[in-house]
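Below, each value reflects all heavy atoms present in this structure, side chains not excepted, and no hydrogens, waters or symmetry copies. In listed order, ligands and their atoms are each counted from 1.
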Amino acid sequence: MKFPLPEPIHAALPIVRRLREHHFEAVFVGGCVRDTVLGLPIKDVDIATSARPEQVLELFDRCIPTGLQHGTITVLLDKTGYEVTTFRLESAYEKHRRPESIQYINSLEEDLLRRDFTINAMALNEEGVLLDPFGGINDLSASVLRCVGDADARFQEDALRMLRAVRFIGTYRLSPVLGTWRALVRYKRLMNFIAMERVQAELDKMLAGKSPQRALHTAAASGLLLHLREPLPAEVTDAVAAAYRNNRNNRNNDTGCLIARLDRLNGTDCRWAAVAIALKLSEHALMQTMKALKLSNTRIKQISDIAAIARDFEIAAALDEAERRKWWIRTVIRYGKQTTTVWLDIMRLAYDTDESKRNGQVDELVRWHEQIPLTSVKQLKVNGSDLKRYFNRKPGPWVSEVLAELLLLAAAGQIENEKQILLLKAAEWDKEGAEHES
Ligand code: ATP
Ligand code: MG
């Protein structure tokens, strides 16, 4: 079978051609082949070759010996890096993750044999001819995921493959063949050999993919998340399991509905936050989960801020309209418009189908959100020095207190953001304060 080479692969042709001119075998392998067959956009282009790493280094000017010990050289062409890996065999595996040693070989087919799934064990040559010794293309057209060779052995060798399996099932809407699924469930305990950073990377890819709901459900159904090296709080694993059961039974509750529509949200962290909201996780459980998964502090802050707004809204929803508007303005000032916009996107998705009061309230928040003219003291037309000069007073905490109060009023549209008007307002408060004290 022959495929037209998509642009990103085409761009890497000079590398394959140069290797071939020097009588080495060289083909495209891995995800780029799978995605070409599926007609999907290509992420990274990987090349496998019979040339030894030192021979690859000799043939190309711009190289980075990224993974010299396992035979990988990154070759730079224009501004893109391409991983060129020597055909290899892997020996016995250490701690269910890494091969103890590798051995360079000359056979492409044997190299494909060490790969995880049939759909990842295909190669394309420079003419676009597909080399597919294990029936990857049949499995792709039947939408099945199958290990190359014996599934039990493959998951025992490298437990990360189980998580990759769940990701491919989710992102490509595949069904595992029975043997592969059984092996995955049988060896799920080996997950505790996998570094949490790797778990994070896989979960991110699952959530970022086309069908995050499916990947989550597969993760829940497999039980893999119950066996991580750093355990997730029971509150989280219970909630995931319950959401999975609910989703099988009915989708007509908030949780099921939001989880079932995760793919409509943009951004991985927005989806993470939506999951936390749908599962109604406590602040503590969410924090523990994100720390266990080693998320960066920036991401932890972004996700927990969004979840915190959702928790506050549970209370604000019961307030009267004027109070709710005040709450909302404080919230937008506190978290910033970028974060509140993401939260609103999630809320719109959670409530847009029902005719409930919540739906109306979310629309109202959206309207108010658009009307808020400014959200930060930096945007006020007065600053600290203006206030100090105007009142001829020493700096102190009073400056930021007054600015914060002015911002609240201006953000609510109760006074104009004009220097003189703001100063007069501050003077009014000052006078009231003085009268109060005397
Ligand atoms: P993506 O790039 O979309 O995440 P991918 O399949 O390309 O998916 P990579 O990690 O880039 O994943 O790996 C490239 C190829 O290397 C895979 O397609 C597979 O053939 C092989 N491979 C990667 N990880 C493993 C593993 N843990 N066990 C066996 N083979 C693997
Ligand atoms: Mg890849």
Between Lys2 and Glu127, is the salt bridge (Lys or Arg N to Asp or Glu O under 4.0 Å) condition met? List the steps. CA-CA 8 Å; Lys2 213 170 158 178; Glu127 265 111 42; over 6 Å; no
Glu314 and Lys280 ion-paired at < 4.0 Å: no
Among the N/O/S atoms of Asp44, select the one at the shortest distance from the Mg ion (ligand 2) and name it. OD1
Determine whether the aromatic ring centres of residues Phe313 and Trp343 are separated by less than 6.0 angstrom. yes
Is it true that the side chains of Thr85 and Thr72 contain a donor and an acceptor less than 3.5 Å apart? yes
CD (Glu110) with more than 12 external heavy atoms under 6.0 Å: yes
Which residues pass the side chain to side chain contact (heavy atoms under 4.5 Å, CB included) test with Ala195, not counting sequence neighbours? Glu197, Arg198
Distance under 4.0 Å, heavy atoms only, partner ligand 1: which residues pass? Gly30, Gly31, Arg34, Lys43, Asp44, Asp46, Arg114, Arg115, Asp116, Asn120, Asp158, Arg161, Arg164, Arg167, Phe168, Lys205
